[in-house]
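Everything quoted here is computed from the prediction, not taken from an experiment.
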Amino acid sequence: MTTSILAAVAETPHVAYDLPIPPIGFGLITFSILMFLGVITLSWSGISHRH
């Protein structure tokens with residue numbers, strides 16, 4: 001039974017999808033968006049004390 005399962009798994013084709021950019025690119029884009037949103041959040045932190 002084990003050999004038949006292994007044979008069935010070995011016969012299935014492996015499908016690999018190519019990414020449009022390298023994996024580090026996704027991390028850098030996500031990090032830059034996070035930093036941008038953090039700057040926006042910190043820029044609004046003292047606005048309530050002005051009024």
Neighbour count above 12 (heavy atom, 6.0 Å) for I24 CD1: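 Open.
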I21 to G25 - nearest heavy-atom pair and separation: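 For I21 and G25, the tightest heavy-atom pair comes out as CD1-C, 3.7 Å.
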V39-F31 co-clustered via ILVMFWY side chain contacts under 4.5 Å: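 Different clusters.
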Within one Ile-Leu-Val-Met-Phe-Trp-Tyr cluster: L42 and L34, side-chain cutoff 4.5 Å: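 Different clusters: L42 never reaches L34 through Ile, Leu, Val, Met, Phe, Trp or Tyr contacts under 4.5 Å.
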Atom pair CG/CD1 of L28 and I33 - distance to nearest 0.5 Å: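 Rounded to the nearest 0.5 Å, the CG-CD1 separation comes to 11.0 Å.
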